[in-house]
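For clarity, every value in this text was computed on a predicted model and none was experimentally measured. Letters go in sequence order (proteins before strands), and every chain restarts at 1.
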Number of protein chains: 2
Amino acid sequence: MRADAQRNAEKLRAAAAELFQERGLKVPLEEIARRAGVSHGTLYNLFGTREALIDEVVTGLAADRLDETAEHALSFEEAREGFAYYVEKVCELQATDPAVADVVSGRYPAAECLMAICAQARDAATRIIERAQLAGAIRPDFTAEDLLVFFCVNALLAGAVADTEPDTWRRQVGFLLDGLNTETAQAPLSVAPLTSQQMYVVMGRLAGTP
Amino acid sequence: MRADAQRNAEKLRAAAAELFQERGLKVPLEEIARRAGVSHGTLYNLFGTREALIDEVVTGLAADRLDETAEHALSFEEAREGFAYYVEKVCELQATDPAVADVVSGRYPAAECLMAICAQARDAATRIIERAQLAGAIRPDFTAEDLLVFFCVNALLAGAVADTEPDTWRRQVGFLLDGLNTETAQAPLSVAPLTSQQMYVVMGRLAGTP
DNA sequence: AGTGTTCTTGGCCCTTGGGTCAATTTTCCG
DNA sequence: CGGAAAATTGACCCAAGGGCCAAGAACACT
């Protein structure tokens, strides 16, 4: 790869990272090219698809913060508090960074690294949920799939309110957390939980991958 | 208005009602015209905008069923049961009829009748919630705005799962209902409820009216 | 039936965004 | 420095949808 191409790729990665964080992963490629100061043809030359570009920058965008959050959640003495922390913190990350919202929502299933991070989030959720359930802190019929679907939905809500009421999503999170307590009346759920595959399908549709 | 124009308008209303129920209020106008057997130019002639067309058919599409649901909810002896019935039933209507989902979500704020129905739903929600709160059945900090926002979010979820897992939304509804019980631990909410105006803005954005 | 009014038609333009490609420019290396 | 190889450019194409409008068809009144 020639030196100028190398430089352009770097500029594009930087511009993409910025714009992804500002406006989410579906920002027009053309704008990324513009911010990088190259023509959009060059972007297609160097990366080919949006997914490839995502894969090169998304780790730095989201993985670290998500991992940290999960780790910290598991370090709480009280499993319930750890769980509540995890849910709120992930939602907060989504609300403050559209790129994280899109990553957690598994938008762009064709982006391998993205989906890896998404799967990782699912695993972390499983561990945190199971720990809380073993401690008798949250209802036993709540699954990681339920939580990830909730995250997707929260991403939409948080995105919708970002510039006017940036914190309303916290109310819905509050209702959810209270609905998961073991003490709650807990009318048994009438519907089976989603499988992992079903969850990915649902998330894809929620994110609008037609 | 000439007789043929009258006939065409009727055919268009019928086609619109059908397609709105099948695919939601944002179905391409061009398809409505095609199903009605006229050119899309005619549709623009007779109605001008999508909103005008919506206004002429939406009452029949949604108002009756929503009213009935609210009325029935208020006829329960137990306020809590009435409330739970209302939430589940509205969500079910949304899940089985994309047009209802769009109406409740207040998509197309420019459509007067639509917004009237939406406001009516909000009033009904207020009455049902207040009754349940007076009976001590649900938490006092839950507002009609919270519920309408939840409905919007549910509309998105239900739409996303309609053809594969048409009932998953019931799980999230179950969590919400359990989260609203008065017995629940009820960590106080950290965020103020939305005002009515704010709610409409949020709903508009959720529905994707840019 | 004639004739003026009203409707319909379908082609055309606009916008957004993804994607392609021939011609041009830049780089690199002998 | 010169020329081959590599990269860049920006014009162009496509698709979906909304919307406009001049020409022609249908209607209705006399």
Side-chain angles (χ1 to χ4, degrees), chain A residues 1-16 18-20 22-57 98-99 102 107-111 114 159 204-205 207-210, chain B residues 1-16 19-20 22-57 98-99 102 107-111 114 204-205 207-210:
Chain A
M1 179 177 262
R2 235 166 64 177
D4 55 344
Q6 194 76 50
R7 250 178 293 129
N8 283 336
E10 206 38 66
K11 280 193 285 184
L12 281 166
R13 272 185 280 260
E18 273 179 38
L19 278 166
F20 285 160
E22 287 168 24
R23 319 239 310 262
L25 298 184
K26 67 176 200 275
V27 75
L29 293 182
E30 212 271 326
E31 273 197 60
I32 296 176
R34 202 178 319 135
R35 180 164 308 190
V38 303
S39 124
H40 72 280
T42 300
L43 194 160
Y44 282 103
N45 254 346
L46 295 176
F47 296 95
T49 66
R50 157 181 252 110
E51 280 78 10
L53 182 53
I54 290 174
D55 265 352
E56 299 219 13
V57 299
D102 287 343
R107 191 170 251 164
Y108 304 111
L114 185 156
R205 302 213 172 207
T209 324
Chain B
M1 181 177 259
R2 236 167 60 177
D4 55 344
Q6 194 76 50
R7 250 178 292 130
N8 282 336
E10 206 38 65
K11 281 193 284 185
L12 281 165
R13 271 185 280 261
L19 277 165
F20 285 159
E22 287 168 25
R23 319 239 310 261
L25 297 185
K26 66 176 201 273
V27 73
L29 293 183
E30 213 271 328
E31 274 196 59
I32 295 178
R34 203 178 317 135
R35 179 164 308 189
V38 303
S39 123
H40 72 279
T42 299
L43 194 161
Y44 282 104
N45 255 344
L46 295 176
F47 296 96
T49 65
R50 157 181 253 112
E51 281 79 11
L53 183 52
I54 290 174
D55 264 352
E56 300 219 12
V57 298
D102 287 342
R107 190 171 253 163
Y108 305 111
L114 186 155
R205 302 213 173 209
T209 322

Inset, instruction - Scan nucleotides 8-14 of chain C nucleotide by nucleotide, 5' to 3', and note B when protein non-hydrogen atoms come under 4.0 Å of the base, S if they reach only the sugar-phosphate, - if neither. - result: BBBB---
Can you tell me how far [atom2] of [N] sits from [atom1] of [X], to the nearest Å?
| X | N | atom1 | atom2 | result |
| --- | --- | --- | --- | --- |
| A/L29 | D/dT8 | CG | C1' | 17 Å |
| B/K26 | D/dA16 | NZ | P | 16 Å |
| B/L12 | C/dC7 | CG | P | 14 Å |
| A/M1 | D/dA7 | CE | C1' | 9 Å |
| B/E51 | D/dG18 | CD | P | 11 Å |
| A/R50 | C/dG17 | CZ | C1' | 9 Å |
| B/R7 | D/dA28 | CZ | C1' | 13 Å |
| B/L19 | D/dG17 | CG | P | 13 Å |

Is there a side-chain contact between [X] and [Y] (heavy atoms, below 4.5 Å)?
| X | Y | result |
| --- | --- | --- |
| A/L46 | A/M1 | yes |
| A/R35 | A/E22 | yes |
| A/Y44 | A/T49 | no |

Legend entry - Electrostatic pair B/R7:B/E10 at N-O distance under 4.0 angstrom: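 Answer for the salt bridge query: no.
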Inset, instruction - Have a look at A/D102 and tell me which of A/R107, A/K26, A/R23 forms a salt bridge (charged side-chain N to carboxylate O under 4.0 Å, His left out) with it. - result: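 Only match with A/D102 under salt bridge (charged side-chain N to carboxylate O under 4.0 Å, His left out): A/R107.
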Inset, instruction - Start with the C-alpha distance between B/R34 and B/E30, add both sets of side-chain angles, then the distance that settles salt bridge (charged side-chain N to carboxylate O under 4.0 Å, His left out), and finish with yes or no. - result: CA-CA 6 Å; B/R34 203 178 317 135; B/E30 213 271 328; 2.4 Å; yes
